[in-house]
Amino acid sequence: MGATWLVCAGEGERAEICALVGRLVPGCQTIRSGDPVLARSLASGLDPAPCVAVGAGLPVDPVNVAAAVAADGRAPRVVLAVRGASGSLVSRAAKAGVTEVLDPREGVEPAPREAAVGGGLPEPRPEGPAAPPAADGLDEPDCVAVDTPGEDGDARGRVRSLPAGHGRLVCVASGRGGVGKSSVAALMALACARWGLKVALVDLDLTFGNLFGYFGLPGPADLTPVSDGATGAALDRCGVRVAENLVLFGPCERPEYAEAVAPRAAELLGALRDRFDLVVVDTSSAWGDEVAAAAQGADRLVIVGDERAGAIGSLARAAALAVRLGVARTRLVRLMNRCDPRRRDEEFMTRASMGLEGARSFRVLEGSLDVAELLSAGHAPDLAGLDNDFSTSCASVAAKLLADLGCLPDCEGARKARDAKVVRRRSVFSFAKAAG
């Protein structure tokens with residue numbers, strides 16, 4: 001019997017990739033699956049371990065799936081089979097340990113014998129734009145902001161249909177509650193909107209999210225219509241414009257409908273990426289299916305922690321879970337929130353990096369009393385406009401992430417935020433010591 005190959009791809013792509021595998025290794029036997037978690041388990045559990053070919057049509061970025069299988073170290077050969085792979089995609093795959101990147105359309109022959117394992121996804125997410133590169137300086141087309149028709153004279157009018165774009169997705173998550181990820185997500189989204197990007201801010205804490213309160217809304221930008229599908233009409237009913245260039249979605253107006261919306265999370269985020277330049281997702285600290293879908297589909301997964309006792313453990317557990325979900329470490333970002341500007345915390349950041357090797361790290365400084373007061377009063381846009389340690393730190397993080405993703409807007413505010421450095425202010429005691 002010839003070699004065994006495991007083909008993990010969407011239902012519509014599997015036959016084409018099986019044909020490619022047949023060309024690579026004539027006479028081989030193939031096992032196919034549309035479930036990335038099952039496929040990874042099979043790749044690690046079968047003896048002998050099969051070679052693996054990963055393709056498009058999955059709810060997870062195929063690069064992340066291939067990288068996770070390669071990192072497990074069992075598969076003797078890991079092939080990423082995608083159409084029209086860019087140079088940056090090939091580079092990212094090579095860095096992740098993927099054996100090769102092939103186009104399934106080249107030299108395709110009849111598919112080999114197959115043994116179906118697992119079912120295909122009933123509604124695979126359509127392929128989005130090519131995945132952006134890691135922060136490696138590779139050339140990538142800039143993200144261009146497109147003017148969108150709005151509701152004249154109504155800053156909180158319902159959103160109209162927007163033109164298709166090349167949206168990036170930034171997911172803000174944590175391993176525990178109370179670390180301030182919602183405020184970070186809101187301020188990052190506001191900063192990007194001020195620079196001219198069309199931004200969707202999604203509250204994916206579907207049951208008890210409270211982002212709407214930061215913008216003075218009386219209730220959620222209800223996501224319940226999405227339970228029947230993330231169609232254009234459903235999105236138009238859900239989105240509420242809360243600031244110039246910024247539209248808020250979520251959570252569910254009635255918490256009991258969260259279970260109906262959660263299975264649509266990947267579909268929802270994919271549809272928003274087609275409409276907006278940037279999608280910023282705030283999540284629940286409880287990682288349900290909807291949070292997993294956002295993490296897996298994110299161009300950058302920002303894991304937020306703080307300096308309270310137990311922070312290192314929760315940060316490490318969240319990072320480990322993300323890796324098990326197939327998120328490449330190059331897409332992970334660690335963010336320490338509410339940092340004391342007078343304190344040097346390099347030691348803490350070093351210890352907190354466990355499980356986040358290769359991830360970028362950022363600090364967000366604690367703000368004044370203005371932060372809590374303005375957010376609780378529904379004035380997040382006003383806070384974003386202040387020269388406040390917290391708001392300027394969030395803007396700086398957002399700009400650096402956009403620069404990594406190749407879509408930093410060409411404006412002075414964005415460039416200034418990108419180049420900003422965290423300033424550690426000296427306390428009165430340090431000045432006294434220097435004077436003495």
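Atom set for the values below is all heavy atoms of this structure, side chains included, hydrogens, waters and symmetry mates excluded.
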- Report the C-alpha distance between Arg92 and Arg331 in whole Å, list the side-chain angles of each, state the deciding distance to 0.1 Å, and finish with yes or no for side-chain contact (heavy atoms from CB on, under 4.5 Å). CA-CA 11 Å; Arg92 288 176 51 226; Arg331 292 195 175 196; 2.6 Å; yes

- side-chain contact (heavy atoms from CB on, under 4.5 Å) between Phe390 and Val184, worked out: CA-CA 9 Å; Phe390 178 73; Val184 168; 4.2 Å; yes

- Message: Pair Ser284, Thr207 - check side-chain contact (heavy atoms from CB on, under 4.5 Å), show working.
- Response: CA-CA 9 Å; Ser284 166; Thr207 50; over 6 Å; no

- Output, in order, the C-alpha distance, side-chain angles, deciding distance and verdict of side-chain contact (heavy atoms from CB on, under 4.5 Å) for Leu386 and Leu374. CA-CA 11 Å; Leu386 294 179; Leu374 288 173; 3.6 Å; yes

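Side chains of Arg300 and Arg360 form no contact here, defined as non-hydrogen atoms less than 4.5 Å apart. Val247 has its side chain within reach of Phe276: a pair of non-hydrogen atoms, C-beta onward, lies under 4.5 Å apart. Contact check for Arg273 versus Val279: side-chain heavy atoms found under the 4.5 Å cut-off. Between Cys252 and Asp222, some side-chain heavy-atom pair lies under the 4.5 Å cut-off. In this structure, the side chains of Leu315 and Met336 come closer than 4.5 Å at one or more pairs of heavy atoms. Put simply, the side chain of Pro381 reaches to within 4.5 Å of the side chain of Leu190, judged on heavy atoms. Between Phe362 and Ser393 the shortest side-chain heavy-atom distance does not fall below 4.5 Å. Residues Leu235 and Leu268 are in side-chain contact: their nearest non-hydrogen atoms beyond the backbone lie under 4.5 Å apart.
Between Ser391 and Leu187 the shortest heavy-atom distance is CB-CD1, 3.8 Å. Scanning all heavy atoms of the two residues, the minimum distance from Ala43 to Leu6 falls at N-CD2, 4.0 Å. The minimum heavy-atom distance between Pro251 and Phe212, with the atom names listed, is CD-CD2, 4.1 Å. Minimum heavy-atom separation, Ala193 to Val199: N-CG2, 3.8 Å. Between Asn388 and Val371, the closest heavy-atom pair is OD1-CG2, 3.7 Å. Residue Ser174 comes nearest to Ala318 through the heavy atom pair C-CB, 4.2 Å, listed as atom of the first residue, atom of the second, then distance.
Checked by atom type and distance alone, the side chain of Ser227 never pairs as donor or acceptor with a backbone atom of Val261 at under 3.5 Å. A side-chain donor-acceptor contact under 3.5 Å links Gln296 to the backbone of Leu325. At least one donor-acceptor pair closer than 3.5 Å links the side chain of Asp299 to the backbone N or O of Leu169. Formation of a donor-acceptor pair under 3.5 Å by the Lys400 side chain with backbone atoms of Ala420 is found in this model. Side-chain atoms of Arg40 come within 3.5 Å of backbone atoms of Arg324 as a donor-acceptor pair (strictly under, hydrogens ignored). Proximity of a side-chain donor or acceptor of Asp203 to a complementary backbone N or O of Leu248 within less than 3.5 Å is not detected. Put simply, the side chain of Asp61 gets close to the backbone of Val63: a donor and an acceptor are under 3.5 Å apart. A donor-acceptor pair is defined here as one N or O able to donate and one able to accept, closer than 3.5 Å; such a pair exists between the side chain of Ser376 and the backbone of Glu373.
Under the side-chain contact (heavy atoms from CB on, under 4.5 Å) test applied with Leu402, the options Val170, Leu278, Asp277 reduce to a single match, Leu278. For the side-chain contact (heavy atoms from CB on, under 4.5 Å) test with Val364, the passing option among Thr392, Asp389, Leu335 is Leu335; the others fail.
Enclosure of atom CD in Glu412 is not indicated, since only 12 or fewer non-hydrogen atoms of other residues, nucleotides or ligands lie within 6.0 angstrom. Within a 6.0 Å radius of CG in Asp289, other residues, nucleotides and ligands contribute 12 heavy atoms or fewer.
Atom CZ in Arg14 sits 8.0 Å away from atom SG in Cys8 (nearest 0.5 Å). Atom NZ of Lys198 and atom CG of Asn245 lie 3.5 Å apart (nearest 0.5 Å). Once rounded to the nearest 0.5 Å, the distance linking CG of Leu401 with SG of Cys407 reads 9.5 Å. In this structure, the separation between OG1 on Thr231 and CZ on Arg264 is 9.5 Å, given to the nearest 0.5 Å. To the nearest 0.5 Å, the span separating CG on Leu321 from CH2 on Trp287 amounts to 5.0 Å. The structure places CG of Leu375 at 10.0 Å from OG of Ser182, a figure rounded to the nearest 0.5 Å.
One finds no salt bridge joining Arg168 and Asp404 here, because no Lys/Arg side-chain nitrogen approaches an Asp/Glu carboxylate oxygen to under 4.0 Å. Between Asp205 and Lys181 no salt bridge is recorded (no basic side-chain N to carboxylate O distance below 4.0 Å).
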